[in-house]
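Comments concern the structure below.
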Amino acid sequence: MLTKKQYELLLFIDRRLKEGGVSPSFDEMKDALDLKSKSGIHRLITGLEERGFIRRLAHKARALEVLKLPENLQDAAAPAAKPGLGANVVRGAFDRRPRAVAANDATELPLLGKIAAGTPIEALRDHSQSIPIPPDMIGRGEHYALTIEGDSMIDDGIFDGDTVVIQRCDTAENGAIVVALVDNAEATLKHIRRKGDSIALEPANKAYETRIFGPDRVKVQGRLVGLLRKY
């Protein structure tokens with residue numbers, strides 16, 4: 001599951017490795033994706049690394065290894081970067097142009113309000129709003145949508161104002177991005193890691209600290225499966 005920019009960067013790196021055996025420089029990546037700064041490239045690479053698509057090779061400059069590509073990309077070529085790309089939808093192969101989803105092709109999900117990607121806010125409450133979601137973003141089970149508030153997950157490409165798609169569940173693997181309910185009162189979006197009797201909720205922003213809780217204080221209410229963004 002990748003954002004459009006992560007997808008483009010992954011294919012660009014893969015193509016350059018196949019052509020010359022050397023990964024592109026950060027400046028080359030920045031220019032290829034039409035980004036204004038290399039900090040955006042750092043965030044994209046971190047996101048790809050955390051999702052298991054690439055690996056940085058130690059003690060080597062400009063050394064990246066592509067570990068896997070998204071599904072259905074055997075015949076895909078790296079898309080040229082273009083300004084003004086459309087909504088950041090996160091699964092499968094992408095067209096080079098934004099594609100509108102017809103109303104009768106969309107799946108309506110309940111939009112349960114805002115969730116903090118920062119200091120936890122009040123627990124989620126049911127809302128009457130709904131939002132159309134491309135059906136290929138949704139797998140089995142029950143899903144819902146949330147609006148991100150805060151910046152503690154920006155290194156994973158999750159920004160204030162984004163809409164995230166959540167698959168409802170009460171367990172998740174270590175490292176997954178989850179909706180965590182703390183003390184039955186505060187909901188937040190974070191990486192979850194369990195060690196012994198402790199549960200850590202980790203941000204993806206060095207400006208924020210990892211918070212540690214006892215096992216009875218945190219409940220998983222779902223895991224991240226998709227992201228939408230408007231430009």
Side-chain angles (χ1 to χ4, degrees), residues 1-3 6 43 46-47 49-52 88-91 106-230:
M1 200 165 47
L2 300 176
T3 67
Q6 287 174 338
R43 288 195 295 269
T46 298
E49 189 174 29
E50 289 180 348
R51 288 163 174 78
N88 225 4
V89 181
V90 262
R91 182 180 292 177
T107 298
E108 293 285 331
L109 288 186
L111 182 62
L112 300 186
K114 294 182 178 180
I115 186 168
T119 303
I121 56 177
E122 62 180 321
L124 302 176
R125 296 175 179 174
D126 288 341
H127 286 60
S128 59
Q129 290 180 294
S130 61
I131 185 172
I133 301 292
D136 62 354
M137 291 185 68
I138 301 172
R140 296 180 178 179
E142 184 181 354
H143 295 71
Y144 58 91
L146 298 166
T147 301
I148 294 297
E149 185 175 78
D151 61 357
S152 76
M153 299 299 288
I154 59 174
D155 287 346
D156 279 349
I158 303 171
F159 298 97
D160 186 75
D162 285 349
T163 299
V164 291
V165 179
I166 304 297
Q167 181 184 47
R168 194 181 295 275
C169 61
D170 55 14
T171 61
E173 67 275 14
N174 269 354
I177 299 175
V178 302
V179 174
L181 183 64
V182 180
D183 295 332
N184 290 317
E186 299 173 326
T188 188
L189 189 77
K190 293 290 183 292
H191 288 280
I192 188 169
R193 297 192 189 278
R194 297 177 179 85
K195 187 174 182 179
D197 290 332
S198 298
I199 295 178
L201 298 180
E202 297 180 352
N205 182 340
K206 293 180 180 179
Y208 292 83
E209 294 183 352
T210 296
R211 303 175 73 202
I212 309 295
F213 300 93
D216 297 331
R217 296 184 61 191
V218 177
K219 295 179 181 178
V220 173
Q221 294 196 313
R223 66 181 185 88
L224 178 72
V225 297
L227 182 146
L228 297 171
R229 178 173 302 145
K230 293 181 179 178

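When reading the values below, keep in mind they use all heavy atoms of this one structure, side chains included, and skip hydrogens, waters and symmetry mates.
Taking CD1 from Ile166 and CG from Leu227, the interatomic distance works out to 9.5 Å, rounded to the nearest 0.5 Å. The line from CG of Asp216 to CG of Asn184 is 10.5 Å long, rounded to the nearest 0.5 Å. Note that the OH atom of Tyr208 and the CG atom of Asp155 stand 11.5 Å from one another [nearest 0.5 Å]. If you take CG on Leu111 and CD1 on Ile133, they are separated by 8.5 Å, rounding to the nearest 0.5 Å. Atoms OG and CD, on Ser152 and Glu202 in that order, are 11.5 Å from each other to the nearest 0.5 Å.
Between Ala145 and Ile131 the shortest heavy-atom distance is CB-CG2, 3.7 Å. Nearest heavy atoms, Ile199 versus Pro215: CD1-CA, 3.9 Å. Of all non-hydrogen atoms in Glu173 and Ile192, the two that sit nearest each other are O-CG2, 4.0 Å. Residues Lys190 and Thr188 approach most closely at NZ-OG1, 2.9 Å, considering heavy atoms. When all heavy atoms of Leu109 and His143 are compared, the closest pair comes out as CD2-O, 3.7 Å. Taking both residues in full, the closest heavy atoms of Phe213 and Val218 are given as CB-CG2, 3.6 Å, listed atom of the first, atom of the second, then distance.
In this structure, Asp162 contributes its side chain and Phe159 its backbone to a donor-acceptor pair below 3.5 Å. Between the side chain of Asn174 and the main chain of Arg194, a donor-acceptor pair closer than 3.5 Å is present. One N or O on the side chain of Gln167 and one on the backbone of Arg140 form a donor-acceptor pair closer than 3.5 Å. Formation of a donor-acceptor pair under 3.5 Å by the Asn205 side chain with backbone atoms of Ala207 is found in this model.
Contact check for Thr171 versus Val220: no side-chain heavy atoms found under the 4.5 Å cut-off. At a threshold of 4.5 Å between non-hydrogen side-chain atoms, the residues Lys219 and Asp170 do not count as touching. Residues Asp160 and Glu149 have side chains in contact (heavy-atom distance under 4.5 Å, counting atoms from C-beta outward). Considering only heavy atoms from C-beta on, Met153 stays 4.5 Å or farther from Ile148 through its side chain. Leu146 is not listed as a side-chain neighbour of Leu189, based on a closest heavy-atom distance of 4.5 Å or more. Between Thr210 and Leu201 the shortest side-chain heavy-atom distance does not fall below 4.5 Å.
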- Message: Please determine whether side chain to side chain contact (heavy atoms under 4.5 Å, CB included) holds for the pair Val164 and Ile177, giving the CA-CA distance in whole Å, both sets of side-chain angles, and the decisive distance to 0.1 Å.
- Response: CA-CA 11 Å; Val164 291; Ile177 299 175; over 6 Å; no
